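Below is one structure, written out as structure tokens, with a few remarks after it.
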2 protein chains.
Amino acid sequence: MMPCLVPKWPAWLFCWRAACIQGASVRQRMWAELSRIPGLVGPRGAWGTSPLIRRGSSSASSRAPEVTLTPERYPVRRLPFSVVSEDDLATLEQIVPGRVITDPEELEAPNVDWLRTVRGSSKVLLRPRTTQEVAHILRYCHERNLAVNPQGGNTGMVGGSTPVFDEIILSTALMNQVLSFHDVSGVLVCQAGCILEALSQYVEERGFVMPLDLGAKGSCHIGGNVATNAGGLRFLRYGSLRGTVLGLEVVLADGTVLNCLTSLRKDNTGYDLKQLFIGSEGTLGVITAVSILCPPKPSAVNVAFLGCPGFAEVLQTFRTCRAMLGEILSAFEFMDAECMKLVRFHLGLSCPVQESPFYVLVETAGSGPQHDAEKLGHFLEQVLDSGLVTDGTLGSNERRIRMLWALRERITEALSHDGYVYKYDLSLPLDRLYDLVDDLRVRLGPSAKRVVGYGHLGDGNLHLNVTAETFCASLLGALEPYVYEWTAGQWGSVSAEHGLGFKKKDVLGYSKPPEALQLMRQVKALLDPKGILNPYKTLPTHA
Amino acid sequence: MMPCLVPKWPAWLFCWRAACIQGASVRQRMWAELSRIPGLVGPRGAWGTSPLIRRGSSSASSRAPEVTLTPERYPVRRLPFSVVSEDDLATLEQIVPGRVITDPEELEAPNVDWLRTVRGSSKVLLRPRTTQEVAHILRYCHERNLAVNPQGGNTGMVGGSTPVFDEIILSTALMNQVLSFHDVSGVLVCQAGCILEALSQYVEERGFVMPLDLGAKGSCHIGGNVATNAGGLRFLRYGSLRGTVLGLEVVLADGTVLNCLTSLRKDNTGYDLKQLFIGSEGTLGVITAVSILCPPKPSAVNVAFLGCPGFAEVLQTFRTCRAMLGEILSAFEFMDAECMKLVRFHLGLSCPVQESPFYVLVETAGSGPQHDAEKLGHFLEQVLDSGLVTDGTLGSNERRIRMLWALRERITEALSHDGYVYKYDLSLPLDRLYDLVDDLRVRLGPSAKRVVGYGHLGDGNLHLNVTAETFCASLLGALEPYVYEWTAGQWGSVSAEHGLGFKKKDVLGYSKPPEALQLMRQVKALLDPKGILNPYKTLPTHA
């Protein structure tokens, strides 16, 4: 029995791309201009999952209300760094001539995160083009004790990419050159400011895919992805950046260039220093170039979008899926009914299957179209017959696949339309993954507008989001530390893939023991003794 | 056309297992006894590739000639550590009662590496069972300034696991308990002294496989594998340990226990400290427990053993293979005709295909037996028809697969019978991978007995080995620094997967810039300020 595998797309859904483009904000336009230099521009991935929008397009509109300055909302004190002087500006102008930005209007967007939850007051943004320029900048800032906020696409979720006070913003936007690509090994070497989607397009034209993919692909920079240790949608298949990043070039706090930009799959010569910088959110060094292993592009991609009657059935569908699809399984995502309501209400997307308490998106990617379709067919038959899945629809051409993915990928965007969003990105044991969502609905009652759960089920990664009309301290009090304590009680992680940045730095202790915190502080002191790199981020304020 | 895919195994080949077991040495028996406690013993993997022997069984025989003391062969001076006193022994006896070994006969084997190239003069070996015992030992040694040599299965290739002088040997042999296994996620948590093959058997019985496999599996410990960042035979499929190791418990030089033993696929809370210890060869901390992600056991495994007329054809076979087998390709190994002569001459194995200049072993592992066989069949047809491959044989049952793998896996063992072996483990660009072997044959002429090349072609990893009747300084002079300079000229790595240990530590500079060496020294000083952990290893003697 294979019911309801016919697509059910309303015609208007085909128009959403145009709507997004028309709705592009001032901020988005500014960044688009920044990319308009010779180099890698015009991102749009070909394999499967492009949302075709850029973060910030909806929420960072020039008509949106002012974002509160970070030090006014959060208890944080400026550290005794120097203040940028006229002499400093003159020197910086010599280092990056014509690329020292001090116009307050141009500085508005890079001072605010795309979620519009934090806002710095930086007066200077620098746009280096080369590693040597970055080295020169950092050497000078180190000598002068000037704090620096490295910034890629500014698409982070935890306030890690915007200044907190007046840190100099060091943008990688003009560092967007591909340095080399090897079409047998699939090793890509590029500057840190290349936009992920542009890289996807570049390697797909050559028969490969990027080993990572995420909703912010249209704006995020590969250097920022690596600095965040971004997870995303292909993690299940291609694993962590810790395995796929082969080399890095990094500029240290004092301007020293650390060239570990090898293209070797295996290299056991000494300590693997690049690992220090993966996931350190720009607090230990500024990543200037990345060498990354791209897997061959699969010749067949299929997506199934399924409705499940309960979370137990979602889990059982995952087990069945892994057993029956094996090596061709490339993503297993889930979303609850509330998420579906959100994308319908705010973005006008419609549910392609019968309404269900839970939805699952399964993607396969393989080298044998017929074999893959056969495996997927058997799997669907099995889960439909056994009642694990009540309804489903399939996509195998690019447009259909994009549409099905949009339902999952655009939840974040839909949430940002729903009011103030309290975001949690947790790793939890699979069996308990959704219990916290149910629990919070009871705990918060009507004080929350919505409590939703979705995420990368195959990786044990729950995105838990709570919305309210506006920021509300009492709701925050009901959420925190409760959510963190609940997670710690399950030996989970309070930040699965988003990092800690500014907003989550003080909860590190819920997932790491004091001995680890102590060693992290020592590592920070070793690499950045003056603490000028992305201050107020990653490590907790108090010991 | 599908010629010659019929097996050609001589009957005597079936007997080799018995021969190996009969030939087991005193040393091997001793270590076997060490494992005979409640816990994980009796290693023998089920999936495909077990060589069914333990390293040391042939070369570390009690009848073998004495190994020269390391300080007599290499220019190395003892650092001013304390010497173990009677008081120290009494204290250590309190920490690990009955497990302080001082009997010179028992200390003979752990003082010598399995290749019999280096030999320390340690007077004490400790066998802790728990992390707390390790912590207690290190705290004491740190206070007393006693040097410590952590030791797993002592199967390393670069003298990293044996003492250089009189360091206390800290053996993980009794730390061999599985702590937990999750049969949905496949996450295994175990003590560091578990033998890899025993773990393989354990997880295979539960429907999973270890993400790494290597020739020394019958002896090596998982803690040592992680400390070395071992590569091996499944690297091509499952990637680096940096991606598959989810958590570590480590005891630092001063006895602090660093518990980062999480079982989460994603955890971006602060710096990923465990990465510091992966591949640091016991010089930054002692790994006491490991959490590792095991992939589901493939339901179909096939091996093809092929003969190729030249190295260009080997490379082209690899390209074809990757394109046609895609996600089911799990290994692509190569060996030259000299390697085949070695395994035939010293181990009595016979070539299962027509004699050729090169041989290739292709393994597939997938979830659809029929699909996989079909893909493999098409691939073989293609490479045979196009002349890339001149002859081939297939294995799909466990015994046949083991036999085919033995030809590749037992080369190291065969080499150890051939005389003194100069071993190089290099990462090189695929196109130039074999040029160095040809080049050396010309350069060395008759001064070398044999120059052979084999390795993990799919990972760009060449094992280059040169044999001579005995150690010869002039041959070494012809090899070094020539091999390292040649490799550095190709931006290769002078240690792809074996690490640097004692024997390769001074060549680190060929693959890493001075800035990296400087930072490595700083990291070492931060984590082990007295330098008591595995001294004389990994970092070069001189700045």
Side-chain angles (χ1 to χ4, degrees), chain A residues 184-185 229 231 235 239-240 242-243 256-260 262 264-273 275-276 279-280 296 298 319 322 325-328 366-368 371 375 427 430 459-461 491-500 508 511-513 515-516 519-520 522-523 526 538-539, chain B residues 184-185 229 231 235 239-240 242-243 256-260 262 264-273 275-276 279-280 296 298 319 322 325-328 366-368 371 375 427 430 459-461 491-500 508 511-513 515-516 519-520 522-523 526 538-539:
Chain A
V184 175
S185 65
N229 189 27
F235 189 101
S240 158
R242 299 196 175 276
T256 301
V257 178
L258 188 69
N259 184 348
C260 295
T262 57
L264 308 165
R265 286 208 67 177
K266 287 178 173 175
D267 178 22
N268 275 354
T269 51
Y271 310 145
D272 189 4
L273 297 174
Q275 298 290 343
L276 281 172
S280 66
R319 290 187 187 105
R322 212 173 46 174
L325 298 178
E327 64 283 356
I328 64 166
S367 60
H371 291 165
K375 284 191 181 87
S427 273
L430 281 183
D459 312 324
N461 184 181
W491 302 95
S493 168
V494 293
S495 180
E497 60 176 11
H498 292 170
L500 298 168
L508 173 50
S511 292
K512 292 286 158 66
E515 297 80 9
L519 185 50
M520 288 184 204
Q522 290 174 315
V523 169
L526 171 66
T538 308
L539 297 181
Chain B
V184 176
S185 65
N229 189 27
F235 189 100
S240 157
R242 299 197 174 275
T256 301
V257 178
L258 188 69
N259 183 347
C260 295
T262 57
L264 308 165
R265 287 208 66 177
K266 287 178 173 174
D267 178 21
N268 275 353
T269 51
Y271 310 146
D272 189 3
L273 297 174
Q275 298 290 344
L276 282 171
S280 66
R319 290 187 187 104
R322 213 172 46 171
L325 298 178
E327 64 282 357
I328 64 166
S367 59
H371 290 164
K375 285 191 180 87
S427 271
L430 281 183
D459 312 324
N461 184 181
W491 302 95
S493 169
V494 293
S495 179
E497 59 175 12
H498 293 169
L500 298 169
L508 173 51
S511 292
K512 292 286 158 66
E515 297 80 9
L519 186 49
M520 287 183 204
Q522 291 174 315
V523 169
L526 172 65
T538 308
L539 297 181

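Just so it is clear, the structure is predicted and the values come from calculations on it, not from any experiment. Scope of the values below: all heavy atoms of this structure, side chains included, with no hydrogens, waters or symmetry mates. We name chains A, B, ... by the order of the sequence lines, and we start the count at 1 in each one.
Nearest approach of A:Ser493 to B:Thr269, heavy atoms of both residues: OG-CG2, 3.6 Å. Closest approach of B:Glu515 to A:Val257, counting heavy atoms only: CG-O, 3.5 Å.
Considering only heavy atoms from C-beta on, A:Arg319 comes within 4.5 Å of B:Val184 through its side chain. Between B:Asn268 and A:Leu500 there is no side-chain heavy-atom pair separated by less than 4.5 Å. Residues B:Pro298 and A:Glu327 are not in side-chain contact: their nearest non-hydrogen atoms beyond the backbone lie 4.5 Å or more apart. Between A:Leu539 and B:Tyr271, the closest side-chain pair of non-hydrogen atoms falls below 4.5 Å. Two residues are said to be in side-chain contact when any heavy atoms from C-beta on lie closer than 4.5 Å; A:Asn229 and B:Asp272 fail this criterion. Side chains of A:Leu276 and B:Leu276 form a contact here, defined as non-hydrogen atoms less than 4.5 Å apart.
Per-residue heavy-atom pair counts under 4.5 Å with chain A were compared for B:Lys375, B:Gln522, B:His371, and the maximum is reached by B:His371. Comparing B:Gly499, B:Ser367, B:Gly326 by how many heavy-atom pairs each has under 4.5 Å with chain A, the most go to B:Ser367. Between chain B and the residues A:Gly279, A:Gly239, A:Gly231, A:Gly270, the largest count of heavy-atom pairs under 4.5 Å involves A:Gly270. For the set A:Pro513, A:Ser240, A:Ser511, A:Ser495, the count of heavy-atom pairs under 4.5 angstrom toward chain B peaks at A:Ser495. Of the listed residues (A:Thr256, A:Leu508, A:Leu526), the one with the most heavy-atom contacts under 4.5 Å to chain B is A:Leu526. Top candidate by heavy-atom pairs under 4.5 Å with chain B, chosen from A:Gly243, A:Ala516, A:Pro296, is A:Ala516. The most heavy-atom pairs under 4.5 Å with chain A, out of B:Val523, B:Thr262, B:Leu519, come from B:Leu519.
Distance alone, capped at 3.5 Å, places no donor-acceptor pair between the B:Lys512 side chain and the A:Cys260 backbone.
Going from atom CD of B:Gln275 over to atom CZ of A:Arg242 covers 5.0 Å, rounded to the nearest 0.5 Å. The distance from the CG atom of B:Leu430 to the CZ atom of A:Arg265 is 10.5 Å, given to the nearest 0.5 Å. Taken to the nearest 0.5 Å, the CE atom of B:Met520 stands 4.5 Å off from the CG atom of A:Leu273.
Of the atoms belonging to B:Ser280, heavy atoms from both backbone and side chain fall under 4.5 Å from chain A. With a 4.5 Å cut-off on non-hydrogen atoms, A:Asp267 touches chain B through its backbone and its side chain both.
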Item to check | Step-by-step side-chain hydrogen bond (donor to acceptor under 3.5 Å, both in side chains) determination, B:Ser427 to A:Lys266 | outcome: CA-CA 6 Å; B:Ser427 271; A:Lys266 287 178 173 175; over 6 Å; no
